[in-house]
There are 2 protein chains.
Amino acid sequence: MNDIKQFLRSNSLRPTKQRIVIAGYLFDGTNKHVTAESLSTELAKRKHIISLATIYNTLHDFYENGLLKKLILSSDRVYFDTNTNDHHHFYSEKDQFLIDINKNIKVNGLPKTPKNKKINKIEVIVHLDK
Amino acid sequence: MNDIKQFLRSNSLRPTKQRIVIAGYLFDGTNKHVTAESLSTELAKRKHIISLATIYNTLHDFYENGLLKKLILSSDRVYFDTNTNDHHHFYSEKDQFLIDINKNIKVNGLPKTPKNKKINKIEVIVHLDK
DNA sequence: TCAACACTTTAGAATCATTCTAAACTGATA
DNA sequence: TATCAGTTTAGAATGATTCTAAAGTGTTGA
């Protein structure tokens with residue numbers, strides 16, 4: 001609890017009740033993939049009712065501060081990933097199913113980067129099913 | 001024109017005026033990345049006014065028939081790619097900028113596929129800028 | 001401890017890409 | 001050329017996300 005407050009403060013985020021609850025859930029040591037909706041549902045199960053607006057605000061605040069990764073895999077929802085290490089994913093659209101690939105993946109044979117551009121990150125998505 | 005009709009027919013798509021116009025634009029020999037909006041704009045420039053609903057319908061019809069690839073790169077629009085070969089992309093969110101990577105990319109070190117799942121496709125997105 | 005204020009939360013409205021509806025239209029077929 | 005299934009379309013509906021602006025709350029300095 002106090003460590004969560006410290007954690008938030010050290011990321012220049014004022015430790016409000018809501019952020020403490022959300023951070024407590026997200027950063028409990030197990031990696032998670034959430035959407036605004038799924039997060040809202042999980043917190044509600046735990047009797048924490050937080051407005052959707054705040055959930056969106058908080059996810060973005062955390063994202064902006066590098067505490068979450070954003071994953072664009074489907075056109076109808078955004079996933080946030082608590083695993084901020086360099087990694088990749090198995091994804092099944094059919095089953096809304098997402099698994100981290102933490103193994104060291106190597107991508108070989110890339111052509112040269114377009115002029116005046118810099119590579120920000122290389123993302124590998126292994127699509128399962130059809 | 002008649003080849004476009006044939007092309008559509010051979011994909012079990014009735015060659016309507018609108019589909020002929022859209023296919024004529026999309027499959028003119030140069031690969032394109034379009035969104036419903038950008039396609040609508042391009043066609044309008046060429047004096048072809050086609051309702052957005054039809055543009056969406058047609059993009060999906062073409063997609064369902066394997067004439068287009070769908071690219072999910074941003075949460076606020078869907079891209080369709082006329083290059084249906086196995087390939088990857090450079091993408092700059094900042095500049096809405098998308099370039100095909102046709103070179104043979106190798107992805108090494110993948111862990112084993114989750115139980116009872118089959119790999120549909122491997123997608124590599126090289127994100128540029130930040 | 002507390003006043004003061006900047007930062008947050010929130011309900012509800014707004015946005016915007018996309019899909020749906022159901023009525024009018026049109027290619028294909030006999 | 002009549003018929004009908006497949007298409008197109010305007011406009012409404014949807015749904016995730018963002019915005020607004022009013023009420024609430026950490027933080028700070030005295």
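We name chains A, B, ... by the order of the sequence lines, and we start the count at 1 in each one. Please read all numbers here as calculations on a predicted model, not as lab measurements.
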Hey, what do you get for NE2 (B:His89) to CG (B:Leu73), rounding to the nearest 0.5 Å? 7.5 Å
Specify the separation, in whole Å, of atom CD1 of B:Ile72 and atom C1' of D:dA16. 14 Å
Ring centroid separation B:Tyr56 to B:Tyr63 under 6.0 Å: no
In whole angstrom, give the distance that lies between atom CG of A:Leu43 and atom P of C:dT9. 13 Å
By a strict heavy-atom criterion of less than 4.0 Å, which residues belonging to residues 12-27 of chain B are in contact with DNA chain C? B:Arg14, B:Pro15, B:Lys17
Charged N to carboxylate O below 4.0 Å: is that the case for B:Asp86 and B:Lys121? no
Could you check how far CD1 of A:Ile55 sits from C1' of C:dT10, rounded to whole Å? 12 Å
May I ask you to verify if any side-chain N or O of B:Ser51 is less than 4.0 angstrom from the OP1 or OP2 atom of D:dT9? yes
So that I can tick it off, tell me whether A:Asp81 and A:Lys70 are bridged by a salt bridge, with the cut-off set at under 4.0 angstrom between side-chain N and carboxylate O. no
Please report the distance, rounded to the nearest Å, between CD in B:Glu64 and P in D:dG6. 16 Å
Using atom CG of A:Asn57 as one end and atom P of D:dT25 as the other, report the distance to the nearest whole Å. 16 Å
Just do the side chain to side chain contact (heavy atoms under 4.5 Å, CB included) check on B:Leu71 and B:Leu98 with the steps written out, would you? CA-CA 10 Å; B:Leu71 303 178; B:Leu98 197 47; 3.9 Å; yes
Using whole Å, report how far CD1 of A:Ile4 lies from P of D:dG26. 15 Å
Pair B:Asp61 + B:Arg19, salt bridge at N-O below 4.0 Å: yes
Taking A:Asp28 for its side chain and A:Thr30 for its backbone only, find out whether a donor-acceptor pair lies under 3.5 Å. yes
B:Asn11 has an atom CG; how far is it from atom C1' of D:dT7, in whole Å? 17 Å
Lys/Arg-Asp/Glu bridge criterion (N-O < 4.0 Å) met for A:Asp129, B:Lys118: no
Give each protein N/O atom lying under 3.5 Å from an N/O atom of nucleotides 15-18 of chain C, with the pair distance.
| from | atom 1 | to | atom 2 | distance (Å) |
| --- | --- | --- | --- | --- |
| C:dT18 | OP1 | B:Val78 | N | 2.9 |
| C:dT18 | OP2 | B:Tyr56 | OH | 2.5 |
| C:dT18 | O5' | B:Tyr56 | OH | 3.2 |

By salt bridge (Lys or Arg N to Asp or Glu O under 4.0 Å), A:Asp100 pairs with (sequence neighbours left out) none
